[in-house]
Amino acid sequence: MLVFLRAGVVTAQQPDVPIISGGAAFFSSTQGGATFLQPVLAPVLAVPLGDRWLIESRADLREFIARQDGTSGPYQGTFFGTLEYLQVDYNATSWMTITGGRFLTPFGIFNERISAIWINKFQDAPLIAPIGTAGGYSDGFMVRGALLSNDKYVVNYTAYFSTLSTVSHFESQRSTGGRAGVFLPGTRLEVGMSYQRQLQPQRMNSFGNDISWIPYRVPLGVKGEWAHSPSGHGYWIQGAYRLSQLGGASSPLGRLEPVFRMQQFFRSQHIPGDSLPATNVRRPEFGLNYYLPHEVRLNASYGREYVSRSTDFNVWEFGITYRFLFPLWPGESK
């Protein structure tokens, strides 16, 4: 997982030492006059077992606090605990890693690469995030790696099969699919295509395309996805520009990152339980992230949701996120 790139630095110094990382956050969201509060803890565990094996897991623990009647009445809290993945990875060859267990469904780029609370530039997921992800989590097997790799391009792939599970905290749908992408190191541009075949309770296909671009010379990140399913289709595209060229990344202005996201969803037919908007929706959003020392990030955003055949409303979001990482116990000194 990309979340462990930084953890790899620690394990290189202290091999076979388990790593605890993740994030803690407090979010506030006001939509159409109703305010919701969410304290969140998202711990990640990585346990290396020699040179080829790795056990990794992430959970999402949050309290959803809102007024009893939406905009009035006392605040009430509901706890939600989700085991997002618990998987065993085996580095079989230089071009293949085999995974078994519970994992994030590899469709597009948001679910696997961006959904962590310390990575996502906005608090909430894109409107089309449920398309092709089978609820976000899969129980089964997955293979991934790079088919071709040289100085000009890298062709990467992911394929998986998930079984049907109704076990508490391990729910998943029976499905199969994967993603293929091409990364161009010279421009740091990646494009990908995804496919999912849902096998139960209904047989249906989902398709998607994604793009990610992080140019060398400017602190800009552009990412986006388009996805289609029998329920409907839509897209999201976002850009984030860190003002680090104004005095350096540690200067007061250099810590500021304006972000913008545009997204739309077009409903085709109503399928129960698809977790998608009930009608056509369009939402432009603008936000500001401010990166404080010691892995603390402040964020604020404003969006306007335009809903077909319903009342439009504003979306205000504020939050603070803390990123942590440390070895579970001290490694051996050399």
query: What's the verdict on side chain to side chain contact (heavy atoms under 4.5 Å, CB included) for Val44 and Tyr85, showing C-alpha distance, side-chain angles and the deciding distance?
result: CA-CA 9 Å; Val44 178; Tyr85 58 82; 3.9 Å; yes
Criterion side chain to side chain contact (heavy atoms under 4.5 Å, CB included) on Glu190 and Asn156, from CA distance to verdict: CA-CA 10 Å; Glu190 182 180 9; Asn156 55 70; 3.2 Å; yes
task: Walk me through it: do Glu225 and Ile131 pass the test side chain to side chain contact (heavy atoms under 4.5 Å, CB included)?
output: CA-CA 11 Å; Glu225 291 181 323; Ile131 295 180; over 6 Å; no
message: If you apply the rule salt bridge (Lys or Arg N to Asp or Glu O under 4.0 Å), what do you find for Arg144 with Asp89, and how did you get there?
response: CA-CA 10 Å; Arg144 70 190 319 143; Asp89 304 325; over 6 Å; no
- request: Could you check Phe318 against Thr30 for side chain to side chain contact (heavy atoms under 4.5 Å, CB included), going step by step and ending with a plain yes or no?
  value: CA-CA 9 Å; Phe318 303 92; Thr30 301; over 6 Å; no
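One N or O on the side chain of Arg267 and one on the backbone of Leu276 form a donor-acceptor pair closer than 3.5 Å. Under a 3.5 Å cut-off, the side chain of Gln263 and the backbone N or O of Pro126 do not form any donor-acceptor pair. Without hydrogens or angle criteria, Arg67 side chain to Thr35 main chain gives no donor-acceptor distance under 3.5 Å. Here the side chain of Glu112 pairs no donor or acceptor atom with the backbone of Phe107 at under 3.5 angstrom. Of the possible donor and acceptor atoms, one in the side chain of Ser162 sits under 3.5 Å from a partner among the backbone N and O of Gln173. Side chain of Gln68 to backbone of Gln76: no donor-acceptor contact under 3.5 angstrom is found. Remark: side-chain polar atoms of Ser194 are paired, donor with acceptor, to backbone N or O of Gly108 under 3.5 angstrom. Trp316 contributes no side-chain N or O that, together with a main-chain N or O of Ser28, makes up a donor-acceptor pair within less than 3.5 Å. Although no hydrogens or angles enter the test, the distance criterion places a donor-acceptor pair under 3.5 Å between the side chain of Ser251 and the main chain of Gly248. Arg52 places a side-chain N or O within donor-acceptor distance of the main-chain N or O of Ala92, the cut-off being under 3.5 Å.
Here the shortest heavy-atom pairing between Gly22 and Arg323 reads N-NH1, 3.0 Å. Of all non-hydrogen atoms in Ser231 and Phe265, the two that sit nearest each other are O-CZ, 4.1 Å. Contact record, Asn111 with Thr105: ND2-O, 3.0 Å, taken as the closest heavy-atom pair. Contact record, Phe260 with Glu285: CD1-O, 3.0 Å, taken as the closest heavy-atom pair. The shortest non-hydrogen separation linking Val40 to Ile117 is CG1-CD1, 4.1 Å. Listed here is the closest heavy atom pair of Ala146 and Trp95: O-CB, 3.1 Å.
In this structure, Pro252 and Tyr290 have side chains that are in contact, with non-hydrogen atoms separated by less than 4.5 Å. Contact of the Val281 side chain with the Glu305 side chain is registered, since non-hydrogen atoms from C-beta on lie closer than 4.5 Å. Within the 4.5 Å cutoff, side-chain heavy atoms of Leu45 are placed close to those of Ile20. Under the 4.5 Å side-chain criterion, counting only non-hydrogen atoms from C-beta, Tyr153 is in contact with Leu148. For the pair Val307 and Phe313, the minimum side-chain heavy-atom distance is below 4.5 Å. Annotation: side chain of Tyr322 is not in contact with side chain of Arg297 (no heavy-atom distance under 4.5 Å). Ser138 places none of its side-chain heavy atoms less than 4.5 Å from the side chain of Phe161. In this structure, Asp60 and Phe80 have side chains that are not in contact, with every pair of non-hydrogen atoms separated by 4.5 Å or more.
Taking CD from Glu317 and CZ from Phe36, the interatomic distance works out to 10.5 Å, rounded to the nearest 0.5 Å. Once rounded to the nearest 0.5 Å, the distance linking CG of Leu86 with CZ of Arg102 reads 9.0 Å. Atoms CG and OH, from Leu288 and Tyr302 in turn, are 14.5 Å apart once rounded to the nearest 0.5 Å. Note that NZ of Lys121 is 9.5 Å distant from CD1 of Ile114, once rounded to the nearest 0.5 Å. Atom CE of Met204 is separated from atom CG of Leu199 by 11.0 Å, given to the nearest 0.5 angstrom. Separating the CD1 atom in Ile128 from the CZ atom in Phe266 is a distance of 11.0 Å, to the nearest 0.5 Å.
When hydrophobic clusters are built by joining Ile, Leu, Val, Met, Phe, Trp and Tyr residues whose side-chain heavy atoms come closer than 4.5 Å, directly or via intermediates, Val17 is grouped together with Phe324. Leu220 and Phe122 fall into different hydrophobic clusters, where Ile, Leu, Val, Met, Phe, Trp and Tyr are joined by side-chain heavy atoms under 4.5 Å apart, directly or via other members. In the hydrophobic cluster analysis, where Ile, Leu, Val, Met, Phe, Trp and Tyr join through side-chain heavy atoms closer than 4.5 angstrom, Ile211 is grouped apart from Phe183.
Checked for salt-bridge contact, Asp124 and Arg283 meet the test: a charged N lies under 4.0 Å from a carboxylate O.
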Name the atoms and distances for all side-chain donor-acceptor pairs under 3.5 Å in residues 238-247, with sequence neighbours left out.
from	atom 1	to	atom 2	distance (Å)
Tyr241	OH	Gln245	OE1	2.7
Arg242	NE	Gly254	O	2.7
Arg242	NH2	Ala249	O	3.4
Gln245	NE2	Arg217	O	3.3

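Remark: of the listed residues Phe207, Tyr157, Tyr160, Phe207 is the sole one forming a ring pair (Phe, Tyr, Trp, His ring centres under 6.0 Å) with Tyr195.
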